[in-house]
Amino acid sequence: MSAGNGNANGDGGFSFPKGPAIPKITTGAKRDNEICHDDSGPTVKATTLDELHSLQKKRSAPTTPINQSGTAFSEEERQKIQLQSISASLASLTRESGPKVVRGDPAEKKADGSTTPAYAHGQHQSIFSPALGAVSDSSLKFTHVLYNLSPAELYEQAIKYEKGSFITSNGALATLSGAKTGRAPRDKRVVRDATTEDELWWGKGSPNIEMDEHTFMVNRERAVDYLNSLEKVFVNDQFLNWDPENRIKVRIVSARAYHSLFMHNMCIRPTPEELESFGTPDFTIYNAGQFPCNRYTHYMTSSTSVDLNLSRREMVILGTQYAGEMKKGLFSVMHYLMPKRRILSLHSGCNMGKDGDVALFFGLSGTGKTTLSTDHNRYLIGDDEHCWTETGVSNIEGGCYAKCVDLSREKEPDIWNAIKFGTVLENVVFDEHTREVDYSDKSVTENTRAAYPIEFIPNAKIPCVGPHPKNVILLACDAFGVLPPVSKLNLAQTMYHFISGYTALVAGTEDGIKEPTATFSACFGAAFIMLHPTKYAAMLAEKMKRQGATGWLVNTGWSGGSYGVGNRIKLAYTRKIIVAIHSGSLLEANYKKTDIFGFEIPTEIEGIPSEILDPVNSWSDKKAHKETLLKLGGLFKKNLETFANHKIGVDGKLTEEILAAGPIF
Ligand SMILES: Nc1ncnc2c1ncn2[C@@H]1O[C@H](COP(=O)(O)OP(=O)(O)OP(=O)(O)O)[C@@H](O)[C@H]1O
Ligand SMILES: O=C([O-])CC(=O)C(=O)O
Ligand SMILES: [Ca+2]
Ligand SMILES: [Mn+2]
């Protein structure tokens, strides 16, 4: 620092007092190693440390909200309206009308040193206190609301108050989701009432396990009471769906900064102006995940319960802190709301080429939706949840949720680079000193994840919308190693495989080779659909037909033998296949038909050894290949039996066509 020229400006706004320079203290003869006392630099204006700290934080630029009558709300009025709305969200339905809510962190000291709400001291601070007498102790306390905090504020909250929260060397926030490191579909309940009774898909194969309205209210009350018993809660007001005409306003009330930052990243972030006119949310999540449900409650079979009430437009989470429940809970809601508007909701990734050609990537968890839709040469529209309307596609979310087990910079550079300040890293392991993440370490779980805003991908298409898809790519990670790396599908085959929703995964690798297990999940997302799979399939068929889209089945799983003998097909090869699909060159290739499944497979693709294109070539044991192929064909047939009775299309013609498009032997 240079001493004495202290007309500091532009670096904090303080000014150096004019007048004679303060004389330096001189201590006689100067020796080389002597400590240099230099107190003549600019001093701060503050006279106390508290005052100094108060200088540090500048107020965010105020916006000028307009109310209905066209006049501007004062900041105070606006905050009061917001708190009133939050108080209504948090209200117990059996007691007071709503809790006393106050804005801000309870740990943040007021200028007078107090931490209690300022109303008692007559200071300016936003509070909302329903004008009712106290009828329980909980109505005497305040609930502090941390409303739409920024990532930086949420980092601080997480690191101060949530065990297992750390900043990793790449700048991301590492968090632990607790005992649950994946979704709990068996604990999902949907309220069966007069409306949903007829509208939803119930019974065998359906993900909708019923609960009654009363039980929902019991769980809702439990969650609300838990949240209100806390000193503070996080509230996120955000949007779903980039299609402005079908945008849904969501409110997420949660107890953890981790949850708030996760949803900040995954939902669409409102601008300050949009927030002013947010009003009442269309859907509210009560995430009381730290608190279990009560197993004496009817319908509860574990201490976890994820409850959807479509009529009330509410979701309650008890007994799981896995953040993916919120994301996929909202997706279920979209799977109900959108088809009512003749919009197809899809568990798919989506990207667009420079020429505007759009591709959808369907597939179950871990099959490559995020990996393959994140493509440096194309615009990313979204990685997991989309809508297909009369005019094109729109992403439902504002962020991506990438698997990061074995993540490498070389193979997935864009995802690697998206893991930076603002990103939530779930359940990863890192060096205790350097905080460098070891993505190969599965000590906590294999399902390690990164949640980041979509704009962290450099070629994200903002707004995340695009024209009608040209290619519909179904991904399967076939650990049996008999599905070809790529097959061209006709429309009936596309429907057949869409309804089947096949993938095969391998269990833990530790105790040697295990048989792969086939999973069938209708529409590549049976856990989230609300209507019968054929409803979505019929819509998909109709849209693909109208737009002339081509269907493809891409095996991102095993090649050269089943799991244990062969290997997972190289990501570089899969990417080349995808490039050939996008460019249209694959459509021009020569094809041959396979046995059993009747797939059309290309004989050549540039950059890929031709022999791997037909799996039979890469299996050394031809007999084992045939047996495995038949085995898988049998599993497909068995799975589709339940759908055979459900007629769709004119006279059930479509059903017949679809069933005929399956394996034949
Ligand atoms: N040939 C391949 N094609 C695609 N992915 C591959 C391939 N080989 C290995 N992988 C790995 O498989 C995983 C695919 O996971 P990804 O995150 O894309 O799943 P997802 O379909 O988005 O699932 P979810 O719906 O659970 O988010 C990644 O870890 C990726 O590195
Ligand atoms: O929902 C999750 O937890 C992860 C995911 O994307 C999926 O399983 O499809
Ligand atoms: Ca994904
Ligand atoms: Mn998903």
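First listed ligand is number 1; within each ligand, the first listed atom is number 1. Just so it is clear, the values below take in all heavy atoms, side chains as well, and ignore hydrogens, waters and symmetry mates.
Residue Y401 is tested with E426, K327, K369 for a side chain to side chain donor-acceptor pair (under 3.5 Å); the sole match is E426.
On a distance-only criterion, A402 and ligand 1 share no N/O pair closer than 3.5 Å. Considering backbone and side-chain atoms together, G366 places an N or O closer than 3.5 Å to an N or O of ligand 1. Residue contacts with ligand 1: R449 is placed with a nitrogen or oxygen under 3.5 Å of a nitrogen or oxygen of the ligand (distance criterion only). Residue Y401 has no N or O atom closer than 3.5 Å to an N or O atom of ligand 2. In terms of N/O distances under 3.5 Å, ligand 1 is not approached by G363. Close N/O approach between K369 and ligand 1 is found [any backbone or side-chain N/O within under 3.5 Å].
By the criterion of a heavy-atom distance under 4.0 Å, neither the backbone nor the side chain of N447 is placed next to ligand 2. Counting heavy atoms under 4.0 Å from ligand 1, residue T371 touches it through both backbone and side chain. When non-hydrogen atoms are compared, ligand 1 lies under 4.0 Å from neither the backbone nor the side chain of K411. Contact annotation: for Y573 versus ligand 1, there are no heavy atoms closer than 4.0 Å.
In this structure, of R183, R568, E385, K328, the residue bringing a heavy atom nearest to atom 8 (N) of ligand 1 is R568. Of the candidates K403, K327, R575, E446, K403 brings a heavy atom nearest to atom 17 (O) of ligand 1. Residue nearest to atom 7 (C) of ligand 2, selected from R183, K369, M326: R183 (by heavy-atom distance).
Side-chain atoms of E325 come within 3.5 Å of backbone atoms of A184 as a donor-acceptor pair (strictly under, hydrogens ignored).
Within the 2.8 Å limit, K328 places at least one N, O or S atom next to the Mn ion (ligand 4).
Listed by number with element, the atoms of ligand 2 under 4.0 angstrom from any heavy atom of S365 are 7 (C), 8 (O). Listed by number with element, the atoms of ligand 2 under 4.0 Å from a non-hydrogen atom of R449 are 4 (C), 5 (C). Counting atoms of ligand 2 from 1 in the listed order, those under 4.0 Å from a heavy atom of K328 are 1 (O), 5 (C), 6 (O), 7 (C), 9 (O). Every atom of ligand 2 with a heavy atom of Y322 under 4.0 Å away is listed here by number and element: 2 (C), 3 (O).
Contact between L364 and ligand 1 is present, with at least one heavy atom of the residue lying under 4.0 Å from the ligand. Using a 4.0 Å heavy-atom cutoff, E412 is listed among the residues neighbouring ligand 1. At a 4.0 Å cut-off, at least one heavy atom of H347 sits close enough to ligand 2 to count as contact.
When the N, O or S atoms of D384 are ranked by distance to the Mn ion (ligand 4), OD1 comes first.
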